[in-house]
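Taking it in order: structure first as structure tokens, then the write-up.
Keep in mind that the numbers below use all heavy atoms, side chains included, and drop hydrogens, waters and symmetry copies. So you know, we letter chains A, B, ... as the sequences are listed, proteins then strands, and number each from 1.
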Number of protein chains: 2
Amino acid sequence: MKTYDRIRVAVVEDDEVLREAMVEALEPDPALKVVGAFADAEAFNAAVHERPPTVVVMDLNLPGMSGIECTRRLKLHWPQVQVLVCTVQDDDDSLFNALCAGATGYLLKDARPAQVVEAVKTIASGGSPMSAGIARRVLASFNAPRKAAKEIDLLSQRERQVLEELARGLRYKEIADTLNLSIDTVRTHVRNLYDKLQVGSRTDALNKLYPR
Amino acid sequence: MKTYDRIRVAVVEDDEVLREAMVEALEPDPALKVVGAFADAEAFNAAVHERPPTVVVMDLNLPGMSGIECTRRLKLHWPQVQVLVCTVQDDDDSLFNALCAGATGYLLKDARPAQVVEAVKTIASGGSPMSAGIARRVLASFNAPRKAAKEIDLLSQRERQVLEELARGLRYKEIADTLNLSIDTVRTHVRNLYDKLQVGSRTDALNKLYPR
DNA sequence: ATCTACCGCCCCCGAACGTTCGGCCGGACC
DNA sequence: GGTCCGGCCGAACGTTCGGGGGCGGTAGAT
């Protein structure tokens with residue numbers, strides 16, 4: 001009979017006490033197998049080349065290379081490895097940079113050991129565990145960009161249409177054609193919407209409406 | 001002694017059987033109070049004006065106004081109301097449109113009644129409950145935009161710098177100043193990076209590099 | 001009936017932009 | 001040696017863009 005395939009877990013955490021506690025929580029679980037515990041990103045990187053784990057429990061605040069950068073590099077070479085961030089950092093920068101780097105889970109350090117174990121299993125089975133407040137902030141980020149442009153509702157319907165085509169990179173002449181207008185009319189609308197948006201160029205308008 | 005403040009819950013669900021089942025699952029819980037159950041968005045809208053609930057369990061596929069549109073309008077007037085989407089729709093469009101509309105929870109209909117009750121409590125206490133696969137897709141959306149631009153690594157170092165400033169809306173003269181170049185040199189770089197990117201204008205380049 | 005906002009069109013002008021040419025230099029390749 | 005190529009720089013040129021006027025018409029609000 002084939003033995004059960006245990007989830008291969010690695011831990012990257014500079015605090016020795018926490019790291020040991022983490023391992024002690026994970027190891028006894030029959031579904032998990034801790035294949036490495038590292039005090040910094042460099043040690044982890046050196047070891048991962050041999051055989052990558054299934055899940056990496058990653059601290060963010062590491063000496064040397066940050067956990068975010070470590071995550072980025074890891075996902076670059078082994079996209080299938082799941083990174084579960086476990087950190088005290090609960091600011092938006094850390095959170096979203098980690099997610100953009102490829103993390104698929106985010107726990108705060110106030111999580112109890114049992115929760116970490118549960119999260120590892122969740123992430124390995126296709127889920128994305130997050131602390132409660134974290135999940136809320138992630139979802140809130142989707143409708144937050146409402147504040148992007150407030151002046152936009154100062155625009156008339158026509159001006160919005162012109163802006164639309166403007167944003168697509170069409171020249172005045174082309175906009176005039178697609179909207180059945182004269183070039184000078186387009187010009188007028190552009191002028192008006194520019195000072196409503198308080199910008200001085202096409203690119204300014206784009207950067208104002210769709211900030212990156 | 002003051003009675004415990006129960007979470008006021010409304011249900012918007014067109015399927016009568018599901019709606020009733022939902023209510024039957026929620027009502028007995030001592031922490032919850034079902035203040036309304038509606039078969040469509042219009043009925044809900046008419047009733048919500050009196051006193052909005054704390055949490056709305058919202059179906060997406062409704063007759064008439066969609067659950068997404070209903071959510072958008074609801075959040076417009078009562079941003080503090082939490083919307084928990086509960087639907088069979090598990091496509092990315094429904095998901096992200098709902099989130100952009102202001103939903104702060106997303107359950108698939110395969111959730112068990114007890115999970116729905118749990119999710120309502122979670123969402124009321126500042127969390128954001130999601131089905132496992134949903135959460136993963138949400139987080140994956142953050143590092144997905146890797147595919148942004150492919151031709152970008154054809155650019156030389158100088159051209160990348162110019163492009164950077166170009167994207168910020170700076171004029172050629174300004175770019176020349178910040179990079180200590182002649183305006184004409186900037187022009188040349190722009191020209192070269194334009195045909196590497198196969199575009200014909202600043203705006204084209206932006207739309208190619210940062211598609212919305 | 002006046003005022004205001006939006007729409008459409010026209011003229012002009014200076015500045016910015018996109019394009020075409022050319023030159024210089026260093027490395028690669030025959 | 002020669003030659004090809006790419007990155008870098010520059011001058012000149014025609015076009016587009018941003019911004020300034022003004023004119024007429026419609027629709028709603030005061």
>> Suppose the criterion is salt bridge (charged side-chain N to carboxylate O under 4.0 Å, His left out): which pairs have a residue in residues 154-163 of chain B, not counting sequence neighbours?
In response: B:E159-B:K196
> Which pairs with one or both residues in residues 83-101 of chain B pass salt bridge (charged side-chain N to carboxylate O under 4.0 Å, His left out), sequence neighbours excluded?
Replying inline: B:D92-B:R137
> Does any residue of residues 179-192 of chain B have a heavy atom under 4.0 Å from DNA chain C, and if so, which ones, in number order?
Replying inline: B:R187, B:R191
>> I want to confirm an ordering. Mapping A:E159 and B:Y172 to their closest nucleotides on DNA chain C, which one lands closer to the 5' end?
In response: A:E159
I need the [atom1]-[atom2] distance between [X] and [N], as an integer number of Å.
X: B:D195; N: C:dT19; atom1: CG; atom2: P; answer: 8 Å
X: B:R171; N: C:dG14; atom1: CZ; atom2: C1'; answer: 13 Å
X: B:E174; N: C:dA15; atom1: CD; atom2: P; answer: 15 Å
X: A:I175; N: D:dC17; atom1: CD1; atom2: C1'; answer: 11 Å
X: A:L155; N: C:dC6; atom1: CG; atom2: C1'; answer: 12 Å

> Paired with D:dT30 by Watson-Crick or G-U wobble geometry, both distances under 3.5 Å: which nucleotide is it?
Replying inline: none
> Does any nucleotide pair with C:dC30 by Watson-Crick or G-U wobble geometry, both distances under 3.5 Å, and what is it?
Replying inline: D:dG1
> Are B:D59 and B:K109 ion-paired here, with the side-chain N under 4.0 Å from a carboxylate O?
Replying inline: yes
> With the threshold set at 4.0 Å, does a side-chain nitrogen-carboxylate oxygen contact exist between B:D177 and B:K173?
Replying inline: yes
>> Are the side chains of A:V56 and A:V81 in contact, using a 4.5 Å heavy-atom criterion?
In response: yes
> Does the side chain of A:I134 reach to within under 4.5 Å of the side chain of A:L95, using non-hydrogen atoms?
Replying inline: yes
Whether [X] contacts [N] is assessed here as follows: a side-chain N or O lying under 4.0 Å from the phosphate OP1 or OP2. Is that the case?
X: A:Y194; N: D:dC17; value: no
X: B:R158; N: D:dG7; value: no
X: B:K196; N: D:dG6; value: no

